[in-house]
Every structure is written in structure tokens, then in C-alpha cells.
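One structure below.
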Amino acid sequence: MNKTIYSFLLLCIFSCTNQRNNKILVNKVYAAMETEPVEYSGDSADDPCIWAHPNDPSLSLIIGTDKGKNSAGLRVYDLNGTEIFTTSNGKMNNVDIRYGFELGGDLIDIVTAGERTSNTLAVFKVDSENRSLVNIAAREISLGIPVYGSCMYKNVYTGDTYAIVNDKEGNVEQYLLKDNGQGLVDASLVRTLKLSSQLEGCVADDILGYLYIGEEDKGIWKFGANPNDSDIGILVDEVGENLTADVEGLTIYYSGDSTGYLIASSQGDNTYAIYKRSGENSYIGQFEIVDGNTIDGTSETDGIDVCNMNLGTNFSQGIFVVQDGINDVGNQNFKAVQWENIASSFNPPLDIYPSWDLRSN
Ligand code: CA
Ligand code: CA
Ligand code: CA
Ligand code: CA
Ligand code: CA
């Protein structure tokens, strides 16, 4: 080979590898808000979910988990990051929410979390008046596997709502949630899935009917989300170029019935990977939350959540919330980024659709 060409090729290989290693292509964004630290030290905070208030966006909430001690629970924050309510029912690992669950003739907003102290499914409703959580579990809902990750799925066509839990051995259980006739919610096992290794992050696409599950050392799997769907998944993306183990939290940004994004916490390189929600979930790009003037950046992120809706002043264009593994001052906490900052960091920019009503699905 001609020496000049050879040197050129070497240079190309080096610079491409170098680019990847240094993550030159990772967009940088800043947090606009951080919550108060969680109560317990160490790796305690895990997963957030966002509740959009039905009438006044500025009264929306962030619900986060604390898994620090057996007396830990859920932490409820306002949009300034102030903790305004807590539960103390056990080590809460992952939390998720769905709007418009039918209970006793009312439509409630239902929250479920995997509780690792007694290995049960915690079930709450949002009390929008008091901006708090009310336990509505019909009984101690014991799980068949040692719960680790959890998420929810609502089939928007039937209204059937499910809690999905998984464990460190690759097992998945799907429970149908139902009104027990006395104003409380019970759950019955309707499906199991089996993967090869430790699972945790998961998210369902309520409209397209998919369940995405993160196998931490392997990648992101996609299944049909309904109990009768196939138990064979498709590997959407594998740990490697875009994902650095562990694959952690997963969330979906809706910008319409079939458009939007699937977002994953790529914990091993402290970034977030974005894929198309539609079709074969093609990869779009990567971003990280870096140190700002007053709020530190995020790293070792576990859970994430995103909401397209207008949440008032600071978050009128939507919000992206993540757990931060290393808070600069105090225990772990949750950080929030204005969605438009993430959207505009990409070229072409990502969709921004705050008027699309997630609550009405
Ligand atoms: Ca962690
Ligand atoms: Ca994990
Ligand atoms: Ca940090
Ligand atoms: Ca986690
Ligand atoms: Ca901080």
C-alpha cells in the first residue's frame, strides 16, 4: 500500500475511534432545576415520574423513589424541586404513572412502584387537591419475583392498565390492575416473559402497544405490550456504539399518535440515547447534562422520565427529569431539563409538542 494512503487510513481509524471515545458527538444541555436531595445517603434515589396537573400546569409534580432504607418511600416534589410530600412504606425502586384509571366510577391518576422491602407492588392515586399520594392497594400485593424494575402500560383502546415488574434474573411479570369494587386496586398476574440477565428500566408505548425493557448488559428489547402478544422480543439496540452498560431508565416522548422518541439512560458513559418512537426505532443521537452555573450535571443516571406537556413557567415546552447518581452537595437528587434545550441541541431539532394532550389518552 502507498505509504501516504496508509498513513491517511491510520489517521482516519484513529480519529474515528477517538471521536467515539471522547464522545465529541454528544450534545450538551444544562439542568434548569434540581430537587432537594433524598432523605437517605448512598445510592438511594432511583427513578422519577412526572404528573401533569389537569388544570394548572404549574402545580404539576415530580414523584421520585428513595430506596435507601426499609423506611424509605416515594418523594413528591413541586416544579421548584421542593419536597412537599413523602411516603415511608419501603424501599421504592422504580415508579410510573397513568392518567384516567377508572376507580369507583371516578377517573383517577394511578401510580405504581416496585417496593423491595416486602417485595410488593405499591399502588397510589394522586390527590390533586392536596398534591399528595393516597395508598389505594386493595391488599399487600406480593410479587412472584424479587422486584427490581417496574413500569406501567395502558392500552388506550380498551383502557386496560397494567403494572410490569422485572428482576435481576431476567424475569418479567405483567399484572392487570383492576377496581376491587370497594374503591381500591387489586392486581392479577396475566403474563410472564423471560430474558437472559439483569433487567430494570422499562417503558410502554400506550398507543403503539409496545413494551421496551432494558437488559442492563445487553441492550433494549421491544415486545408487544398486550398479554396475548408474542413472548419473543426484538433487540432494538445493543450495548456498544450508542449504549454503554448499564442500560438503565427508559422513557417515551409523545409528539402525536405515532411520532416522538424513545430515550434511554446509557449509564456507563453518563449520557442519554435517543431513538425514533416509530418504525424500527432508528437511532437519532446522544446528549449529556453537564455542569451549569448553579446546578451540577448528571452522571450514573438510573431512572428517567419525560413529559411533552406545558408544565408552566420554566417548563412550558416540556420537561425531562433524571436521577443524578452524584449530586455535588448532599444526597442524590433529581434534575430537570427544559425539553426545548434538548430538542434544539439536535440538527435537525427534535419535535416540541406541548399542546399534545398526554392526559386524554
Ligand atoms: Ca444507582
Ligand atoms: Ca440497575
Ligand atoms: Ca451531578
Ligand atoms: Ca436503578
Ligand atoms: Ca446539586
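Just so it is clear, the model here is predicted, and its values are computed rather than measured. First listed ligand is number 1; within each ligand, the first listed atom is number 1.
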(message) Between the Ca ion (ligand 3) and D324, which N, O or S atom of the residue is the nearest one?
(response) OD2
(message) One thing to verify: whether E173 and R191 come together as a salt bridge, which I'm taking to mean a side-chain N less than 4.0 angstrom from a carboxylate O.
(response) no
(request) Tell me yes or no: between the side chains of Q267 and D302, is some donor less than 3.5 Å from an acceptor? (result) yes
(message) Ignoring hydrogens and geometry beyond distance, is a side-chain donor-acceptor pair present between K335 and N333 at under 3.5 Å?
(response) yes
(request) State whether K194 and D231 are salt-bridged, where the test is any N-O pair (Lys NZ or Arg NE/NH1/NH2 against Asp/Glu carboxylate O) under 4.0 Å. (result) no
(message) Taking N, O or S atoms only and a limit of 3.0 Å, check whether D328 reaches the Ca ion (ligand 3).
(response) no
(request) Starting from the Ca ion (ligand 4), look over the N/O/S atoms of E248 and name the nearest one. (result) OE1
(message) Between T120 and E115, do the side chains contain a donor N or O and an acceptor N or O under 3.5 Å apart?
(response) yes
(request) Please determine if the Ca ion (ligand 3) has an N/O/S atom from K335 lying under 3.0 Å away. (result) no
(request) Give the atom name of whichever N/O/S atom in D296 sits closest to the Ca ion (ligand 5). (result) OD1
(request) Decide, counting backbone as well as side-chain atoms, whether G325 has an N, O or S atom less than 3.0 Å from the Ca ion (ligand 3). (result) no
(message) When you measure from the Ca ion (ligand 5) to the N, O or S atoms of N333, does any of those distances fall below 3.0 Å?
(response) no
(request) For the atoms O of G297 and O of I326, give the angle they form at the Ca ion (ligand 3), rounded to 10 degrees. (result) 170°
(request) To the nearest 10 degrees, calculate the angle at the Ca ion (ligand 4) involving OE1 of E200 and OD2 of D46. (result) 140°
(message) Before we go on, tell me: are the rings of F320 and F287 under 6.0 Å apart, centre to centre?
(response) yes
(message) Ignoring hydrogens and geometry beyond distance, is a side-chain donor-acceptor pair present between E280 and S282 at under 3.5 Å?
(response) no
(request) Please find out if the Ca ion (ligand 5) and some N, O or S atom of E34 are separated by less than 3.0 Å. (result) yes
